[in-house]
Participant: 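Dropping the structure in here first, questions after.
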Amino acid sequence: MIKVTTLDKREIAINAELIERVESVPETVITLTNGKKILVTQSMDEIIEKVMAYRRNIACSWWRPEEGR
């Protein structure tokens, strides 16, 4: 999940795996795989960075070997 702020200043968390597209028109619009659109205050670059950080975190937690092995 990534946290974003809607245009009416509500902080929400969305599943990063469900993001299909991010557009800047001029506000940032996140389109989910189900077709729902969310307008947010963050820039497209900020959303991309949040998704990349989320995916890095998932990959690192999967790849991290357990201690003692």
Side-chain angles (χ1 to χ4, degrees):
M1 303 286 271
I2 64 169
K3 289 183 182 179
V4 296
T5 306
T6 62
L7 293 183
D8 62 359
K9 305 296 185 218
R10 291 180 298 131
E11 186 174 64
I12 62 171
I14 60 174
N15 185 338
E17 300 295 334
L18 297 180
I19 295 175
E20 180 179 305
R21 180 173 61 236
V22 179
E23 302 172 81
S24 183
V25 290
E27 59 278 318
T28 305
V29 180
I30 299 172
T31 303
L32 303 179
T33 56
N34 65 4
K36 182 173 181 169
K37 295 180 184 292
I38 304 168
L39 292 125
V40 298
T41 61
Q42 288 82 7
S43 70
M44 183 186 308
D45 290 337
E46 289 173 302
I47 299 299
I48 292 168
E49 182 55 40
K50 286 176 178 277
V51 171
M52 290 172 59
Y54 163 81
R55 292 193 176 169
R56 273 193 303 270
N57 188 30
I58 297 297
C60 287
S61 65
W62 177 81
W63 186 253
R64 195 175 300 135
E66 293 184 31
E67 291 183 29
R69 289 191 179 182

Participant: Does Leu7 share a hydrophobic cluster with Met44, counting links as ILVMFWY side-chain heavy atoms below 4.5 Å and allowing steps through other members?
Facilitator: no
Participant: Give a yes or no on whether Val22 and Met52 share a hydrophobic cluster (residues Ile, Leu, Val, Met, Phe, Trp, Tyr; joining criterion: side-chain heavy atoms under 4.5 Å apart).
Facilitator: yes
Participant: May I ask you to test the Thr41-Lys9 pair for a side-chain heavy-atom distance under 4.5 Å?
Facilitator: yes
Participant: Taking the side chain from Thr28 and the backbone from Gln42, do they hold a donor-acceptor pair closer than 3.5 Å?
Facilitator: yes
Participant: Can you tell me how far CD1 of Ile38 sits from CD1 of Ile47, rounded to the nearest 0.5 angstrom?
Facilitator: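 Output value for this atom pair is 9.5 Å.
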Participant: How close do Glu27 and Leu39 get, counting heavy atoms only, and between which atoms?
Facilitator: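 Of all heavy-atom pairs spanning Glu27 and Leu39, the closest is CG-CD2, 3.2 Å.
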Participant: Please examine the side chains of Thr5 and Val40, heavy atoms only from C-beta on, and report whether any two atoms are closer than 4.5 Å.
Facilitator: no
Participant: Hey, mind stepping through Asp45 and Ser43 against side chain to side chain donor-acceptor pair (under 3.5 Å) and telling me if it holds?
Facilitator: CA-CA 5 Å; Asp45 290 337; Ser43 70; 5.2 Å; no
Participant: Let me check something: do Val29 and Ile48 share a hydrophobic cluster, defined by ILVMFWY side-chain heavy atoms less than 4.5 Å apart, either directly or through other members?
Facilitator: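 Different clusters: Val29 never reaches Ile48 through Ile, Leu, Val, Met, Phe, Trp or Tyr contacts under 4.5 Å.
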Participant: About how many Å separate CD1 of Ile14 and CD1 of Ile19, when rounded to the nearest 0.5 Å?
Facilitator: 4.0 Å
Participant: Within a strict 4.5 Å, meaning less than it, do heavy atoms of the Met1 and Lys50 side chains meet?
Facilitator: no
Participant: Would you say Asn34 and Leu18 make side-chain contact, with heavy atoms under 4.5 Å?
Facilitator: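 Heavy-atom side-chain distance check fails, nothing below 4.5 Å.
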Participant: Would you give the length of the straight line joining atom CD of Glu20 to atom CD1 of Ile30, rounded to the nearest 0.5 angstrom?
Facilitator: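 So the CD of Glu20 and the CD1 of Ile30 are separated by 12.5 Å.
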Participant: One thing to verify: whether Arg56 and Glu49 come together as a salt bridge, which I'm taking to mean a side-chain N less than 4.0 angstrom from a carboxylate O.
Facilitator: yes
